[in-house]
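Reviewing the structure listed below.
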Amino acid sequence: SDDFGLGIKQTKLMSKIVKAYKNRNGRYFQTIMARTNPLRYHSFRMYKVLPIILMCLFVTSITLFIYYFLRKYYTLKYIFAISFLLVFLFILQMPSTSEGFFWFSAYITYMVPAILTFILIPILLKAISTNYYFLKIVLSVVSTILCVAIIGSNEISFLIVDLLILFLYINHKLVSKKHNLVLLILLIVCLISSIFEILAPGNFVRLTTFEYSNNFVLSIFGSLFLTALSFIRWGIPLLIVSVFYSLYFGIPLSNRIAISKTNFIIDFRLSVLFFLAFIYLSNIIFLWSTGSSPFAAKRGLNIIYLFFILGWFFNLQFFLNKQIGTLKIQQTKISQLLLIASILLVLLMPFSLNYNISTAYIDLISGKAKKYDNELNNRYQLIDSCKTDSLVVPALSNIPKTIFFRDIKEGYMKKDYNNKLYSKYFGKSYIYLDSKNPEIKSNQETLKEFGKKKRKKWFDAKNKKQNNIK
């Protein structure tokens with residue numbers, strides 16, 4: 001429904017930004033990105049293509065990000081493998097694939113700035129390290145623009161950028177004993193942008209819509225619990241992949257770094273501190289502003305989990321780099337068995353019915369995704385052919401969890417937010433469902449029904465063949 005709301009052509013861009021800043025939130029870049037919604041131009045085909053483009057950009061940005069750090073130590077084959085491993089782990093346990101890649105309103109707010117962050121980091125590090133004055137200025141300006149855009153997208157992203165710049169500045173000061181002018185200026189710009197985003201009148205208006213927001217005790221102590229819960233919730237697949245990564249990629253990489261004598265100059269304790277601070281402060285943001293955990297608003301949790309993975313593996317690699325001189329790890333039978341066991345477990349993960357990858361292929365092979373697409377296309381044709389001012393449309397019968405987030409509701413509800421935006425987009429007084437949409441079925445239920453249908457189809461074909469013979 002939000003996507004259709006953003007598809008309604010209203011005021012000019014600057015007027016829209018000011019109106020949103022005063023009445024809804026301070027996410028100025030999100031308001032700009034909303035103008036790219038294909039539904040504004042009634043292009044449903046492009047609306048379906050955009051998630052594919054987004055996923056390609058996501059994978060590409062992570063690959064280029066990894067390439068920047070490992071290009072001196074690994075060939076492209078290994079860089080692609082590590083990038084695939086990170087993407088695999090993210091998709092596997094991604095809190096909500098629909099809110100991450102398929103809901104336009106959510107992915108322009110969270111996934112697009114995440115991609116921009118992967119682009120920002122190599123550019124920023126190059127701006128810091130280069131000795132060419134003109135290149136330093138150009139890269140610094142690009143970094144500044146990216147920082148301002150990311151901060152104006154959502155509160156989790158501005159926290160990531162602020163902590164990143166602060167970490168790089170403090171780490172540079174500890175290592176070189178000098179101030180870095182580029183980082184100092186960028187830190188000031190980020191703080192100003194963050195204050196501008198936070199103090200938007202629309203944020204305070206939005207806070208009044210959440211009953212349990214602004215609870216200091218809940219925010220401080222609840223975030224401690226949620227931080228610990230993050231490690232428990234995501235820990236098992238993360239540990240399995242970490243064993244595989246360490247034995248196959250991490251330890252060899254540490255050896256290559258030690259031989260080349262060009263170590264990542266990072267204060268390990270500072271890095272761990274900022275990693276934990278990111279998780280804790282992210283939870284505070286959600287608890288303070290909404291009174292609920294990010295586990296309830298999964299679009300934001302997607303980004304927390306994404307940078308949780310990256311922070312985990314970067315700190316794991318820093319630890320291996322730090323210990324490689326004192327910790328002599330050889331190719332023993334135990335290490336080989338651990339490697340084989342971790343590989344087998346990683347290969348089995350996509351077949352677990354509890355993870356997103358299995359949900360995706362079940363949605364495809366069961367036909368739910370195709371039927372869902374057909375039902376929506378039939379609904380749009382019905383709306384377009386309807387000459388009356390209002391109409392009732394059939395409820396969905398097939399709902400694929402991978403791509404579905406929200407639909408209009410049944411019955412005439414004039415004040416319902418979803419139905420109101422949906423109806424306005426199509427130029428109707430009201431549009432609603434003839435009955436309630438069914439609950440999303442579990443993977444087990446879907447496979448059971450799919451098996452029954454296939455078995456019935458097989459028996460029917462067999463009986464028909466026998467009757468023909470007779």
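Counting from 1, the numbers follow the sequence of the chain as shown.
For Lys173, the NZ atom counts as densely surrounded, since its 6.0 Å shell holds more than 12 non-hydrogen atoms of other residues, nucleotides or ligands. Other residues, nucleotides and ligands contribute at most 12 non-hydrogen atoms within 6.0 Å of the CD1 atom of Ile236. More than 12 heavy atoms of other shown residues, nucleotides or ligands fall within 6.0 angstrom of atom CZ in Phe204. Under a cut-off of 6.0 angstrom, the local environment of CZ in Phe44 is crowded, with over 12 non-hydrogen atoms contributed by other residues, nucleotides or ligands. Residue-environment remark: OH (Tyr47) exceeds the threshold of 12 foreign heavy atoms within 6.0 Å. Enclosure of atom NZ in Lys22 is not indicated, since only 12 or fewer non-hydrogen atoms of other residues, nucleotides or ligands lie within 6.0 angstrom. For Phe225, the CZ atom sits in a loose shell: 12 or fewer heavy atoms of surrounding residues, nucleotides or ligands are nearer than 6.0 Å. Other residues, nucleotides and ligands place more than 12 heavy atoms under 6.0 Å from the OH atom of Tyr169.
Here the side chains of Gln93 and Pro237 are in contact, with some heavy-atom distance below 4.5 Å. Using a 4.5 Å heavy-atom threshold, the side chains of Asp407 and Leu433 count as touching. Using a 4.5 Å heavy-atom threshold, the side chains of Ile284 and Ile220 count as touching. Side chains of Tyr110 and Asn302 form no contact here, defined as non-hydrogen atoms less than 4.5 Å apart. Between Val205 and Asn23, every side-chain heavy-atom pair lies at or beyond the 4.5 Å cut-off. Inter-residue side-chain proximity for Lys16 and Arg35 is flagged as met; some heavy-atom pair is nearer than 4.5 Å. Proximity of Leu310 to Ile62: side-chain heavy atoms (C-beta onward) are nowhere separated by under 4.5 Å. Annotation: side chain of Tyr68 is in contact with side chain of Lys126 (closest heavy-atom distance under 4.5 Å).
Going from atom CG of Leu229 over to atom CG of Leu224 covers 12.5 Å, rounded to the nearest 0.5 Å. Interatomic distance, CG of Leu186 versus OG of Ser140, reported as 7.5 Å (0.5 Å rounding). To the nearest 0.5 Å, atom CE of residue Met111 and atom CE of residue Met55 are 10.0 Å apart. Atoms OH and CD1, from Tyr67 and Ile79 in turn, are 6.5 Å apart once rounded to the nearest 0.5 Å. Between the CG atom in Leu64 and the CD1 atom in Ile119 there is a gap of 8.0 Å [rounded to 0.5 Å]. Interatomic distance, Ser271 OG to Leu276 CG, rounded to the nearest 0.5 Å: 9.5 Å.
Side chain to side chain, Asn154 and Gln30 fail the donor-acceptor criterion of an N or O pair below 3.5 Å. Between the side chains of Glu410 and Tyr432, no donor-acceptor pair is found at a separation under 3.5 Å. No side-chain donor-acceptor contact under 3.5 Å links Ser289 and Glu155. In this model, no donor atom of one side chain and acceptor atom of the other lie less than 3.5 Å apart for Asn203 and Asn25. Residues Tyr245 and Gln317 have side chains that bring a donor and an acceptor to within less than 3.5 angstrom of each other. For the residue pair Lys368 and Thr446, a side-chain donor N or O sits within less than 3.5 Å of a side-chain acceptor on the partner.
Relative orientation of the Tyr425 and Phe4 rings is perpendicular, given thresholds of 30° and 60° on the angle between their planes. In this structure, Phe404 and Tyr372 have perpendicular ring planes: the angle between them is above 60°, well past the 30° mark. Taking the six-membered ring where tryptophan is involved, the planes of Phe231 and Trp312 are tilted, since the angle between them lies from 30° to 60°. Ring geometry, Phe314 versus Phe65: the interplanar angle falls from 30° to 60°, so the pair is classed tilted. Note: Phe196 and Tyr21 have parallel aromatic rings, judged against thresholds of 30 and 60 degrees for the angle between ring planes.
For the residue pair Asn283 and Ser223, the shortest heavy atom distance occurs at C-OG, 3.4 Å. Pro438 approaches Ile399 most closely through the heavy-atom pair O-CD1, 3.3 Å. Nearest heavy-atom pair, Leu396 versus Asn437, reported as atom, atom and distance to 0.1 Å: N-OD1, 2.7 Å. The two atoms that bring Met94 and Gly100 nearest to each other are CE-CA, 3.4 Å, heavy atoms only. Closest approach of Lys298 to Ser96, counting heavy atoms only: CB-CB, 3.6 Å. Considering all non-hydrogen atoms of both residues, Leu320 and Ser246 come closest at CD1-OG, 4.0 Å.
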What's the verdict on side-chain contact (heavy atoms from CB on, under 4.5 Å) for Cys190 and Ile151, showing C-alpha distance, side-chain angles and the deciding distance?
CA-CA 7 Å; Cys190 287; Ile151 288 170; 3.8 Å; yes
Show your reasoning for whether side-chain contact (heavy atoms from CB on, under 4.5 Å) applies to Ile115 and Leu54.
CA-CA 9 Å; Ile115 293 171; Leu54 179 75; 3.8 Å; yes
Carefully, step by step, assess Phe268 and Phe318 under the rule ring-ring contact (aromatic ring centres under 6.0 Å, His included).
CA-CA 6 Å; Phe268 176 67; Phe318 295 151; 7.3 Å; no
Run Leu301 and Phe286 through side-chain contact (heavy atoms from CB on, under 4.5 Å) and show every step you take.
CA-CA 10 Å; Leu301 190 61; Phe286 272 94; over 6 Å; no
Please step through side-chain contact (heavy atoms from CB on, under 4.5 Å) for the pair Tyr78 and Leu253, ending with a clear verdict.
CA-CA 11 Å; Tyr78 283 92; Leu253 175 59; over 6 Å; no
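When each of Ile188, Leu183, Leu181, Leu187 is paired with Ile185, the side chain to side chain contact (heavy atoms under 4.5 Å, CB included) condition holds for Leu181 and for no other. For the ring-ring contact (aromatic ring centres under 6.0 Å, His included) test with Phe308, the passing option among Phe90, Tyr280, Phe275 is Phe275; the others fail. Shown are Phe104, Trp103, Tyr107; of these, the ring-ring contact (aromatic ring centres under 6.0 Å, His included) with Phe405 is made only by Trp103. Under the side chain to side chain contact (heavy atoms under 4.5 Å, CB included) rule, Leu124 has a single partner from Cys147, Ser129, Ser143, which is Ser143. Among the candidates Asn443, Thr402, Thr97, the single residue satisfying the side-chain hydrogen bond (donor to acceptor under 3.5 Å, both in side chains) test with Thr359 is Asn443.
Ring centroids of Phe307 and Phe118 are separated by less than 6.0 Å, placing the two rings close together.
A donor-acceptor pair under 3.5 Å is formed between the side chain of Asn315 and the backbone N or O of Gly311. Counting only distance, with no hydrogens or angles, the side chain of Thr36 and the backbone of Met33 share a donor-acceptor pair below 3.5 Å.
Under a cutoff of 6.0 Å and an axis angle of 45°, Arg71 and Tyr73 do not form a cation-pi pair.
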